[in-house]
Amino acid sequence: MTIDQIRDQILRGVAGAATREALEEVRVTSLGRKGTVTELMKEIGALPADERRERGAALNRLKGEIEAAIAAAAKRLEGEALAARLRTERVDVTLPVKADPDGRIHPVSQTIAEVVAIFGEMGFSVVEGPHIEDDFHNFTALNIPPEHPARQEHDTFYLAGADAHGARKLLRTHTSPVQIRALQKTKPPLRLIVPGRTFRNDHDATHSPMFHQVEGLVVDRATHMGHLKGCLIEFCRAFFDIEQLPVRFRPSYFPFTEPSAEVDIGCSREGGGLRIGAGADWLEILGCGMVHPKVLANCGVDPDLYQGFAFGMGIERIAMLKYGIPDLRTFYDSDLRWLRHYGFLPLDVPSLVTGPAR
Ligand code: 2NL
C-alpha cells in the first residue's frame, strides 16, 4: 500500500469512529507501539540514506495528520456527548438544597439570629463592641456612679493591674457600653441592637459567669414611650410567633432609664408545664425604659433636643422559654447529643429575607 492509501484508510477509520473507545482503537492500530505507521517507521532503517530521509519525512507528516484528525474527532465526540446529555437531563433549580446533616446551629446563635431578623425588619442595625471595658463605659456613663448599689449586683470581673489613676479594666457586665460608645460616636437619630457576650461572677443553676444579651437603643428628637411599647409588643409577638400574645409593662427601676419597666408576656403554669400565650399568669421577658437624660448628657447628646428608649434581654433565658430547654448549664457543656437535640440545621437560620424561623 502507498502512504496515500494508508492515510485514506486510517482517516476513514477516524471519521467512522462513533465512540471514544472506537477512536482509541484507531489510534492504537495506527500510532500505537505495534501500529501501522509505527511499523513503517521501524522499516526505514533498512533503506538507502537518500530514500530514508524522504520516506521518514513523509511518515512524520502522515503521523501529524492522523494525530490532528484524532484530536478533532475527539472534540466532535465530546460535543455530541454533551449535546445528548443536555437533551435528556433536566436540573430542577427550584428543589430545596440538601441540608448538611452533621453541623448544628447552637440555640444561642439561632436565637440571636431571630432577634436580629425581627429588629432588622424594623430598621435597627447591629453593632458589636469589646468584651473588655473601662469603668466609664460599663458603669459611670450609665448613671451608675462609684458606690452605687447597682455595682454590687453586677458581680463584676476585674482584670489584674490598675492604671496610673488606680482604675482597673473589667469584663463588661452588660452590652450597654457598646451603646454608650455608639451614642458618643454617632449623632442621633440612631436605632441599633447589640447582641453579645456578657460576664458576671455568679455561678449556680440559673446563672452562668458568661452569658449573652441583646440590648436595643433608639434615640431621636421625639421618640416616646408609645414607640417603646409598640416596638416591644411587636417584638414579643414576632419572637414567640403568637399574634395576639398578651404583653404588659410593669413599672420597674434601672439607673439608666426613667421611667423603667419590665415586660411580661401571658402564660399558664397549670399542670406543672409552662404554656406561653394562654392563661392568667405572667412571665418576665425583658427590661426597658426611656433613656435617662443624664445618660444622654454623659455621651454628649443634648437631652433637651433628644430622647429615646432602650431595652435589654437575656438570650439564654428567651431561648429556654421558646425552645423548652430546662437547664441553663447545658448551654455550655458542648455535649453533641444535646446539640443534636436542641440545635438547628443551618438552613433553618432566619434571615432578613425569610424572617424568623417558623
Ligand atoms: C434587662 C434590662 C435594660 C437597658 C437595658 C440601656 C442602654 C443605654 C441606655 C439606657 Cl446605652 N438603657 N439599656 C435599658 C433598660 C433595660 O436591660 O433586663 N436586661 C437583661
Side-chain angles (χ1 to χ4, degrees), residues 108 111-112 115 119 124-130 133-145 148 150 153-155 172-200 202 206-208 210-220 223-225 227-229 231-232 235-236 239 249-265 282-301 303 306-321 328:
V108 166
T111 303
I112 289 174
V115 172
F119 285 108
F124 287 66
S125 27
V126 177
V127 180
E128 292 180 315
E133 268 296 356
D134 53 47
D135 187 274
F136 176 78
H137 292 91
N138 196 79
F139 290 123
T140 308
L142 285 148
N143 197 31
I144 313 175
H148 192 288
E153 289 159 32
H154 277 239
D155 299 307
R172 69 183 187 195
T173 59
H174 43 193
T175 51
S176 313
V178 183
Q179 290 158 291
I180 294 297
R181 289 177 184 281
L183 264 177
Q184 289 175 316
K185 208 170 65 183
T186 323
K187 191 175 139 63
L190 53 92
R191 199 186 298 185
L192 47 95
I193 53 168
V194 181
R197 292 186 170 191
T198 53
F199 307 86
R200 294 188 189 188
D202 196 357
T206 56
H207 296 89
S208 155
M210 187 284 299
F211 60 104
H212 298 76
Q213 279 193 341
V214 178
E215 278 192 63
L217 176 69
V218 176
V219 177
D220 205 341
T223 305
H224 55 68
M225 195 111 185
H227 296 124
L228 175 155
K229 290 186 71 180
C231 173
L232 294 179
F235 165 75
C236 290
F239 181 77
F249 292 77
R250 176 168 43 83
S252 184
Y253 171 79
F254 301 108
F256 29 86
T257 47
E258 181 62 33
S260 305
E262 262 7 291
V263 179
D264 300 337
I265 58 174
W282 294 98
L283 180 66
E284 186 180 317
I285 292 300
L286 54 90
C288 62
M290 299 306 294
V291 179
H292 198 294
K294 281 190 184 170
V295 173
L296 294 173
N298 288 342
C299 300
V301 175
Y306 291 102
Q307 53 187 24
F309 67 86
F311 54 89
M313 64 193 106
I315 291 296
E316 285 85 347
R317 176 174 168 76
I318 61 170
M320 288 167 80
L321 293 171
L328 172 76

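Counting starts at 1 for both ligands and their atoms, following the listed order. Being a predicted model, the structure only gives us computed values, none of them experimental.
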S.K.: Considering heavy atoms of the protein only, find what lies nearest to atom 3 (C) of ligand 1 and give residue, atom and distance to 0.1 Å.
M.R.: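 I find the closest protein heavy atom is G312 N, 3.4 Å.
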S.K.: I need the nearest protein heavy-atom contact for atom 20 (C) of ligand 1: residue, atom name and distance, please.
M.R.: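 Answer for atom 20 (C) of ligand 1: Q213 NE2, 3.5 Å.
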S.K.: Nearest non-hydrogen contact with atom 7 (C) of ligand 1 belongs to which option: E215, M290, M313, R317?
M.R.: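 Ranked by closest heavy atom to atom 7 (C) of ligand 1, first place is E215.
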S.K.: Would you mind running through ligand 1 and noting each atom that sits below 4.0 Å from a heavy atom of C288?
M.R.: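 Counting from 1, the qualifying ligand atoms are 15 (C), 16 (C).
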S.K.: Who pairs with H224 by ring pair (Phe, Tyr, Trp, His ring centres under 6.0 Å), at least two apart in sequence or on another chain?
M.R.: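 Applying ring pair (Phe, Tyr, Trp, His ring centres under 6.0 Å) to H224 gives H227.
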S.K.: Between H174 (side chain only) and N138 (backbone N and O only), is there a donor and an acceptor less than 3.5 Å apart?
M.R.: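 Checked: pair present.
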S.K.: Quick check: does any side chain N or O of Q307 sit under 3.5 Å from a backbone N or O of T223, one acting as donor and the other as acceptor?
M.R.: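 Such a contact is found between Q307 side chain and T223 backbone.
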S.K.: May I ask you to decide if R197's main-chain N or O and R172's side chain share a donor-acceptor pair within less than 3.5 Å?
M.R.: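 Between the backbone of R197 and the side chain of R172 there is a qualifying donor-acceptor contact (under 3.5 Å).
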S.K.: Quick one: look up the protein heavy atom nearest atom 8 (C) of ligand 1 and list residue, atom name and how far away it is.
M.R.: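 The closest heavy atom on the protein side is L142 CD2, 3.7 Å.
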S.K.: With sequence neighbours left out, what residues match T175 under side chain to side chain donor-acceptor pair (under 3.5 Å)?
M.R.: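 Applying side chain to side chain donor-acceptor pair (under 3.5 Å) to T175 gives E215.
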S.K.: Looking only at protein heavy atoms, which one is nearest to atom 11 (Cl) of ligand 1, and what is the separation?
M.R.: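 Sorting protein heavy atoms by distance from atom 11 (Cl) of ligand 1 puts Q179 CB, 3.5 Å first.
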S.K.: Taking heavy atoms and a distance under 4.0 Å, where does F254 meet ligand 1: side chain, backbone, both or neither?
M.R.: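 It is the side chain that touches ligand 1; the backbone stays farther off.
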S.K.: Does a donor on one side chain sit under 3.5 Å from an acceptor on the other, for D155 and T173?
M.R.: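 T173 and D155 do not have a side-chain donor-acceptor pair below 3.5 Å.
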S.K.: If you have a sec, work out which protein heavy atom is nearest atom 12 (N) of ligand 1 and how many Å separate them, to one decimal?
M.R.: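 For atom 12 (N) of ligand 1, the nearest protein heavy atom comes out as A310 CB, 3.2 Å.
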S.K.: Compute the centroid of each ring, for F311 and then for F119, and state whether the two points are separated by less than 6.0 Å.
M.R.: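 For F311 and F119, the ring centres are under 6.0 Å apart.
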S.K.: With heavy atoms of T257 as the reference, note each atom of ligand 1 found under 4.0 Å away.
M.R.: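 That gives atoms 10 (C), 12 (N), 14 (C), 15 (C) of ligand 1.
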S.K.: Do the charged groups of R317 and E284 touch, with an N to O distance under 4.0 Å?
M.R.: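 No, R317 and E284 are not salt-bridged.
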S.K.: Under 4.0 Å from a heavy atom of I180: give me the atoms of ligand 1 that qualify, with their elements.
M.R.: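 Going through ligand 1 atom by atom, the ones under 4.0 Å from I180 are 11 (Cl).
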S.K.: Take every heavy atom of L183, measure it against each atom of ligand 1, and state whether any distance is under 4.0 Å.
M.R.: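 No, L183 has no heavy atom closer than 4.0 Å to ligand 1.
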